[in-house]
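Here is the structure we will look at.
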Amino acid sequence: MNPETKLTPHFRLSEFVRSATAEARGIDNTPPDSVIVRLMALCIYVLEPLRAAVGHPIVITSGYRCPALNAAVGGVAGSQHMLGEAADIRCLDRAEAEALIAALNRVARFDQAIIERTSTSSAQAPGTVWLHVSCKFDPTQNRRQTILDLVKK
């Protein structure tokens, strides 16, 4: 599938597969069709409703990760990113991340919403904040779980 293919009106496949780490390390992060279907569901049930609720574009900083890319970035072994069920959203600060979670609770069918940030001692953009959102392909498995502060080293 062409990376510029629209998954939904406001989201393209390219937003979920681009990765500076993959490019730098020569990792092919092309998702299989089964993952693309899950990315579409994530967009339909979580990201499009969230974008409509907040009234502005949402920037995806991490979407699909093939197993090699997930390992390269230090992702957990069972990461929903590898299934196409998760995305990380850029946030200006914690207040914006909390506002996005409040909007998700009003409008979206989601599994997890986790505010993540780098530690202030991190060498890579200390204090950077993002919101991890996920949606299980089987909607009966969605937990609507929120975690308000997960620090990444």
Taking the side chain as everything from C-beta on, heavy atoms only, tell me whether Phe16 gets closer than 4.5 Å to Val35. no

So, for Pro49 and Ile44, which heavy atoms are closest and what is the spacing to 0.1 Å? CD-O, 3.2 Å

Quick one: does Ile114's side chain get under 4.5 Å of Thr146's, heavy atoms only? no

Would you find a donor on one side and an acceptor on the other, under 3.5 Å apart, between the side chain of Asp28 and the backbone of Thr30? yes

Search all heavy atoms of Asp138 against all heavy atoms of Thr140 and return the closest pair with its distance. OD1-OG1, 2.7 Å

Run the salt-bridge test on Arg117 and Asp93 with the 4.0 Å N-O cut-off and return the result as yes or no. no

In terms of hydrophobic clusters joined by side-chain contacts under 4.5 Å, are Leu42 and Met82 together? no

Does any part of the side chain of Val133, heavy atoms only, come nearer than 4.5 Å to the side chain of Leu131, both counted from C-beta? yes

Test of understanding: clusters of I, L, V, M, F, W, Y form through side-chain heavy atoms closer than 4.5 Å, transitively. Do Leu13 and Leu83 belong to the same one? no

Same hydrophobic cluster for Val54 and Leu104, using side-chain heavy-atom links shorter than 4.5 Å among ILVMFWY? yes

Could you grab the distance from atom CZ of Arg94 to atom CD1 of Ile101, nearest 0.5 Å is fine? 8.0 Å

Can you measure from OG1 (Thr8) to CD (Glu48) and round to the nearest 0.5 angstrom? 3.5 Å

Non-hydrogen side-chain atoms of Trp130 and Arg90 separated by less than 4.5 Å: no

Spatial distance of atom OG (Ser19) from atom CG (Leu69) [nearest 0.5 Å]: 4.0 Å

Atom pair CG (Leu47) and CE (Met40), whose distance is rounded to the nearest 0.5 Å: 13.0 Å

Taking NZ, NE, NH1 and NH2 as the nitrogens, is one of them in Glu85 or Arg38 under 4.0 Å from a carboxylate oxygen of the other? yes

So does Glu4 get a backbone contact from the side chain of Ser14, meaning a donor-acceptor N/O pair under 3.5 Å? no

Checking Glu15 side chain against Arg12 main chain: does a donor-acceptor pair fall under 3.5 Å? yes

Pair Thr61, Ile89 - check side chain to side chain contact (heavy atoms under 4.5 Å, CB included), show working. CA-CA 6 Å; Thr61 60; Ile89 300 169; over 6 Å; no

Going from CG on Asn70 to OG on Ser79, what distance comes out if it is rounded to the nearest 0.5 angstrom? 4.5 Å

Can you find a pair of side-chain heavy atoms, one from Asn105 and one from Arg144, that are under 4.5 Å apart? yes

Apply side chain to side chain contact (heavy atoms under 4.5 Å, CB included) to residues Glu98 and Ile115 and explain how you reach the verdict. CA-CA 8 Å; Glu98 289 177 355; Ile115 297 174; 3.7 Å; yes

Answer whether the closest heavy-atom distance between the side chains of Ile60 and Asp88 falls below 4.5 Å. no

Main chain of Arg65, side chain of His81: is a donor-acceptor contact present, judged purely on distance under 3.5 Å? no

Can you tell me how far SG of Cys43 sits from NE2 of His10, rounded to the nearest 0.5 angstrom? 11.5 Å

For Lys136, does its backbone N or O pair with a side-chain atom of Asn142 as donor and acceptor, under 3.5 Å? yes

For Ser134, is there any backbone N or O sitting under 3.5 Å from a side-chain donor or acceptor partner on Asp111? no

Nearest heavy-atom approach of Pro31 to Val17 is CD-CG1, 3.6 Å

Consider only side-chain heavy atoms of I, L, V, M, F, W and Y, link residues closer than 4.5 Å, and tell whether Ile36 and Phe137 are in one cluster. no

